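Have a look at the structure below, then the notes.
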Amino acid sequence: FFFFKQKTAYEMLRSLVGSEMCIRDSSQAVYLTFKKYCEDTNTQMTFWDFRDYANSLSKSENAVSIIFVAVNTIVMFLCFFSLISSMSANILEQTKEIAVLRAVGLTKNGMVGLYIGEAFVLVFASSLLGIFIGTFIGWTMTCLLYTSPSPRDRQKSRMPSSA
């Protein structure tokens, strides 16, 4: 399909001086034929096809995904050791309380369960807070990204209106 009246690409070529054209083609046949015709007739037009950039875009997307996985792994590793150090310091500070609970009759398994429950509550609360903050920041960035005017909006489009 073309964003012009029903004409062939060859008929439109004569009236395309300084205009833009978008060709939607499931195969590259029309694109390659039209590009070759314009090159043969020395028409000053620039051609590109999104398929030319698909491979580099795919490589860039894979690189970004690998970086995100690496950063996520490092952050989880640091959070794990932060939790371990926090819990160890908490246990060392509460030696008197532990002794009193043991004297009252709390078993070792009960003590382990108590500290595992404390770690669970700490991790769960931190996760919820992180989800809320991350969602808010992501939503804000999305709103800023997709509602800000682009520089092209300030210029008048050279694309003729479809009839």
Side-chain angles (χ1 to χ4, degrees), residues 1-4 18-35 45-162:
F1 301 126
F2 297 97
F3 290 125
F4 290 94
S19 296
E20 296 175 0
M21 181 173 68
C22 175
I23 299 175
R24 294 185 197 175
D25 184 17
S26 58
S27 68
Q28 286 187 314
V30 173
Y31 166 73
L32 293 174
T33 305
F34 194 63
K35 182 176 180 180
M45 293 183 79
T46 304
F47 289 90
W48 66 275
D49 187 14
F50 73 94
R51 289 172 283 240
D52 297 339
Y53 300 103
N55 191 24
S56 65
L57 288 173
S58 175
K59 287 180 183 178
S60 299
E61 185 177 305
N62 289 340
V64 168
S65 295
I66 289 171
I67 290 170
F68 282 153
V69 167
V71 168
N72 192 19
T73 303
I74 291 169
V75 166
M76 287 298 146
F77 190 72
L78 290 173
C79 287
F80 174 73
F81 281 107
S82 174
L83 179 67
I84 294 292
S85 98
S86 170
M87 292 305 293
S88 297
N90 193 15
I91 290 172
L92 288 175
E93 287 177 3
Q94 294 182 347
T95 52
K96 290 182 182 176
E97 289 90 353
I98 292 172
V100 169
L101 288 172
R102 292 283 305 196
V104 171
L106 188 64
T107 63
K108 285 187 180 181
N109 288 338
M111 190 65 63
V112 169
L114 185 69
Y115 282 101
I116 288 176
E118 182 182 341
F120 177 75
V121 168
L122 184 66
V123 168
F124 187 73
S126 299
S127 297
L128 280 179
L129 185 64
I131 288 170
F132 289 137
I133 291 172
T135 302
F136 176 73
I137 290 174
W139 177 76
T140 305
M141 294 301 289
T142 302
C143 287
L144 288 174
L145 195 68
Y146 291 113
T147 59
S148 61
S150 73
R152 185 170 170 91
D153 292 339
R154 293 186 196 120
Q155 302 171 353
K156 293 198 177 212
S157 178
R158 294 178 290 164
M159 184 71 72
S161 60
S162 57

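Please read these numbers as outputs of a predicted model, since none were measured by experiment.
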[atom1] of [X] to [atom2] of [Y]: how many Å apart, nearest 0.5 Å?
| X | Y | atom1 | atom2 | value |
| --- | --- | --- | --- | --- |
| S127 | L122 | OG | CG | 9.0 Å |
| F77 | T73 | CZ | OG1 | 10.5 Å |
| Q94 | L101 | CD | CG | 9.0 Å |
| I131 | S126 | CD1 | OG | 11.0 Å |
| F68 | N72 | CZ | CG | 10.5 Å |
| I98 | M111 | CD1 | CE | 5.5 Å |

message: More than 12 heavy atoms of other residues, nucleotides or ligands under 6.0 Å from CZ of F80: yes or no?
response: no
inquiry  = Does atom CD (E97) have a neighbourhood of more than 12 heavy atoms from anything else shown, all under 6.0 Å?
reply    =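 Correct, the count exceeds 12.
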Set out, in order, the CA-CA distance, both residues' side-chain angles and the distance that settles side-chain contact (heavy atoms from CB on, under 4.5 Å) for V64 and S60, then state yes or no. CA-CA 6 Å; V64 168; S60 299; 5.5 Å; no
request  = Taking the side chain as every heavy atom from C-beta outward, state whether L83 and M87 have any pair of such atoms under 4.5 Å apart.
outcome  = yes
| request: Output yes when a side-chain donor or acceptor of S86 lies under 3.5 Å from a complementary backbone atom of S82, and no otherwise. | output: no
